[in-house]
Number of protein chains: 2
Amino acid sequence: MKISRTEDLRLDCQYCPVRHRAICAASDDSEFATLNDIKFYKSIPAGQAVARRGERLNVVASIVSGVATLSKTTVDGRMQITGMLLPSDFIGRPGRDTCEHDISAVTDLTLCCFRRRPFEDLIECAPAIRRRLLDIAFDELDAARHWMLLLGCLTAREKIVSFLMLVLRRSTLPEDVDQPVQIDLPLSREATASYLGLTIETVSRQMSRLRKEGLIELETARRVIIPDTSRLEAELENAD
Amino acid sequence: MKISRTEDLRLDCQYCPVRHRAICAASDDSEFATLNDIKFYKSIPAGQAVARRGERLNVVASIVSGVATLSKTTVDGRMQITGMLLPSDFIGRPGRDTCEHDISAVTDLTLCCFRRRPFEDLIECAPAIRRRLLDIAFDELDAARHWMLLLGCLTAREKIVSFLMLVLRRSTLPEDVDQPVQIDLPLSREATASYLGLTIETVSRQMSRLRKEGLIELETARRVIIPDTSRLEAELENAD
DNA sequence: GGATCGTCTTGACATGGATCAAGGCAGCGC
DNA sequence: GCGCTGCCTTGATCCATGTCAAGACGATCC
């Protein structure tokens with residue numbers, strides 16, 4: 001990721017949509033002011049790589065808007081998406097200058113970046129940021145291990161339902177939980193397949209099957225309506 | 001895990017076998033002395049649970065000797081081992097009082113424990129311990145995500161070879177890399193299967209197949225001789 | 001030694017999901 | 001409109017791995 005040029009865009013942090021969930025969430029006024037000073041925004045168009053495995057990565061960042069994926073690929077081209085990154089999620093690793101994953105912008109992406117070295121210095125003297133970072137790391141670790149259960153033990157159907165429920169949870173929810181809910185899938189069939197350890201055909205077939213059973217409606221391939229959330233969730237009664 | 005009673009055993013840290021790899025690895029003399037003061041050992045016999053998912057866990061610990069597993073189980077009994085914990089590995093999560101996983105002692109286990117609250121206070125004022133903890137968390141995260149590639153993309157054969165190579169890497173290695181190496185598998189076939197997202201029969205069959213092909217020898221089911229490390233590693237040329 | 005138990009191996013068969021192949025559909029440029 | 005392109009769906013078939021079942025092996029106890 002080139003960081004030579006900051007974007008014109010420069011919101012004041014207090015208007016930031018991820019203010020209360022990102023790395024800055026727990027910061028007091030003074031830490032917050034420091035972050036505000038050293039941050040810079042970066043826009044990345046859909047489809048473009050944010051960073052590649054093995055590459056130097058001299059920034060850390062929060063996602064302000066858009067969706068990105070973390071992935072790994074075998075020598076012969078099999079790919080596993082190891083994480084779906086949504087607004088407020090954290091990118092990069094303090095204390096490490098190379099990137100372990102391919103990071104790709106799935107949609108247009110706005111990142112709130114910090115150069116890595118100053119950020120590393122900052123966490124030494126900013127306890128709230130440091131605690132938040134540690135918490136983020138452990139949360140991600142729990143999520144990754146939970147995904148291992150999905151990859152290792154669940155059926156294709158359960159994987160799809162889990163994915164739908166995950167997107168549902170991370171969507172901005174309407175108050176009325178029992179009404180039909182509409183969600184927009186952030187990933188293509190191909191990316192979904194890779195995230196779930198399936199093929200694109202299996203994803204498609206299982207979606208169709210859920211549709212035929214009335215558990216979901218497909219307004220388009222990417223727009224799903226869930227008539228009854230609890231009925232879909234009940235599909236996971238044996239899993240999870 | 002009951003922590004009401006400390007064990008008699010109380011090594012001085014300077015003789016500790018995991019001194020240079022565990023949470024204390026980077027500590028200076030003063031931090032080290034503090035850790036030495038507040039630590040206590042705990043022995044757990046093979047087969048016993050260290051902690052169960054959802055349980056309160058008011059300690060964090062380093063493994064001094066022995067092998068443990070992290071695992072999750074579905075409602076209907078499918079189990080995924082999400083981590084194999086070897087000496088120097090860290091158990092527990094500062095800032096969280098309940099346990100996300102089942103933690104089981106595979107062999108007899110010696111843990112170097114710290115009560116969670118004092119440990120949380122300590123990391124606020126002990127920068128080396130704090131940095132080490134953050135590094136451990138990110139290392140575990142990278143490892144978990146790497147394992148997702150294994151679970152989602154690799155064949156049974158590749159999974160087995162990856163597992164053998166993992167055990168080999170974490171074993172105390174002889175200097176002479178090109179000589180036949182003997183490794184003792186820390187996990188039973190059942191645990192291995194669960195770790196790799198396979199069944200016990202598939203594990204057994206793939207091991208036999210590797211044996212028939214001369215890539216490994218099985219002195220017993222748990223003791224493996226690798227006549228030529230590089231030839232085994234070459235089996236992963238397309239994976240990883 | 002023989003009985004018992006847990007663990008591992010092997011064989012026969014079943015099946016969920018992969019692979020291969022064809023076609024549908026929406027968006028876009030001309 | 002028409003053709004092109006990318007993405008998605010569906011069908012037919014295959015195969016890697018799971019399932020079920022039997023027996024081998026080694027440790028332990030008597």
Side-chain angles (χ1 to χ4, degrees), chain A residues 46-47 69 74 76-81 104 106-107 150-164 184-213 216-224 235 238-239, chain B residues 46-47 67 69 74 76-80 104 106-107 150-164 184-213 216-224 235 238-239:
Chain A
T69 55
T74 62
D76 61 355
R78 288 168 285 174
M79 180 176 77
Q80 177 66 41
I81 290 181
S104 302
V106 170
T107 64
L150 177 142
L151 290 173
C153 296
L154 300 202
T155 63
R157 182 187 176 88
E158 289 169 332
K159 287 177 176 183
I160 296 291
V161 174
S162 295
F163 176 67
L164 293 173
D184 287 299
L185 301 184
L187 303 183
S188 70
R189 290 288 184 270
E190 186 176 8
T192 305
S194 169
Y195 193 28
L196 299 174
L198 299 170
T199 59
I200 182 173
E201 294 95 331
T202 299
V203 172
S204 194
R205 272 188 260 270
Q206 294 295 338
M207 296 282 282
S208 297
R209 197 174 144 210
L210 292 174
R211 176 173 53 71
K212 282 169 194 157
E213 295 175 14
I216 62 173
E217 290 160 29
L218 291 171
E219 197 168 305
T220 68
R222 298 283 280 267
R223 174 160 294 178
V224 179
E235 289 295 313
N238 286 326
Chain B
V67 180
T69 54
T74 62
D76 60 356
R78 288 168 284 174
M79 179 176 80
Q80 177 67 41
S104 303
V106 170
T107 63
L150 176 142
L151 290 173
C153 296
L154 300 202
T155 63
R157 182 186 175 88
E158 289 169 332
K159 287 176 176 183
I160 296 290
V161 175
S162 295
F163 175 67
L164 293 173
D184 286 298
L185 301 183
L187 304 183
S188 69
R189 291 287 185 272
E190 186 176 8
T192 305
S194 168
Y195 193 29
L196 299 174
L198 299 169
T199 58
I200 182 173
E201 294 95 331
T202 299
V203 172
S204 194
R205 272 189 260 270
Q206 293 296 338
M207 296 282 283
S208 297
R209 200 175 141 208
L210 292 174
R211 177 174 53 73
K212 283 170 195 157
E213 295 176 13
I216 62 174
E217 290 160 29
L218 291 171
E219 198 169 304
T220 70
R222 298 283 280 267
R223 174 160 294 175
V224 180
E235 288 295 312
N238 286 325

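Here the structure is a predicted model, which means the values were calculated and not measured. Note: hydrogens, waters and symmetry copies are ignored here, and every other heavy atom, side chains too, is used.
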Q. What integer distance in Å separates I200(B):CD1 from dT17(D):P?
A. 17 Å
Q. Is atom CD of E235(A) surrounded by more than 12 heavy atoms (other residues, nucleotides or ligands) closer than 6.0 Å?
A. yes
**Q.** E201(A) side-chain proximity, nearest of dA21(C), dT17(D), dG17(C)
**A.** dA21(C)
Q: Compare all side-chain heavy atoms of T192(A) with those of L185(A) and state whether any distance is below 4.5 angstrom.
A: no
Q) For T220(A), which contact category applies under a 4.0 Å heavy-atom criterion: base, sugar-phosphate, or nothing? A) nothing
Q: Rounded to the nearest angstrom, tell me the gap between atom CG in L218(B) and atom P in dT7(C).
A: 18 Å
Q: Calculate the interatomic distance between K212(A) atom NZ and dG11(D) atom C1'; express it in whole Å.
A: 11 Å
Q) Hey, which of I160(A), T202(A), L187(A) is the one that makes side-chain contact (heavy atoms from CB on, under 4.5 Å) with L196(A)? A) I160(A)
Q: Write down the distance between CZ (R223(A)) and P (dG27(C)), rounded to a whole number of angstrom.
A: 12 Å
(Q) Starting the side chain at C-beta, find the nucleotide from dT9(C), dT9(D), dC20(C) nearest to R189(A). (A) dT9(D)
Q | Separation of dG18(D) C1' from L154(A) CG (nearest whole Å) | A | 16 Å
Q. Side-chain N or O of T202(A) less than 4.0 angstrom from OP1 or OP2 on dG17(C)?
A. no
Q | Contacting residues from residues 204-211 of chain A, given that a heavy atom lies under 4.0 angstrom of DNA chain D | A | S204(A), R205(A), S208(A), R211(A)
Q) If every non-hydrogen atom of R222(B) is compared with every non-hydrogen atom of P186(B), which pair is closest and at what distance? A) NH2-O, 3.4 Å
Q.
How many whole angstroms separate atom NZ of K159(B) from atom C1' of dA16(D)?
A. 11 Å
Q) CD1 of I160(A) versus P of dC8(D): gap in Å, rounded? A) 12 Å
Q: For V203(A) and for G197(B), find the nucleotide of DNA chain D with the closest heavy atom, then tell me which residue's nucleotide is more 5'.
A: V203(A)
Q | R78(A) to L154(B) - nearest heavy-atom pair and separation | A | NH1-CA, 3.9 Å
**Q.** Between dT9(C) (C1') and I216(B) (CD1): distance, integer Å
**A.** 13 Å
Q) Do R189(B) and M207(B) have side chains that get closer than 4.5 Å, going by heavy atoms? A) yes
(Q) Taking only side-chain N and O atoms of R222(A), does any of them lie within less than 4.0 angstrom of OP1 or OP2 on dC8(D)? (A) yes
Q: Identify the heavy atoms of I200(A) and A193(A) that sit nearest to each other, and give their distance.
A: N-CB, 3.5 Å
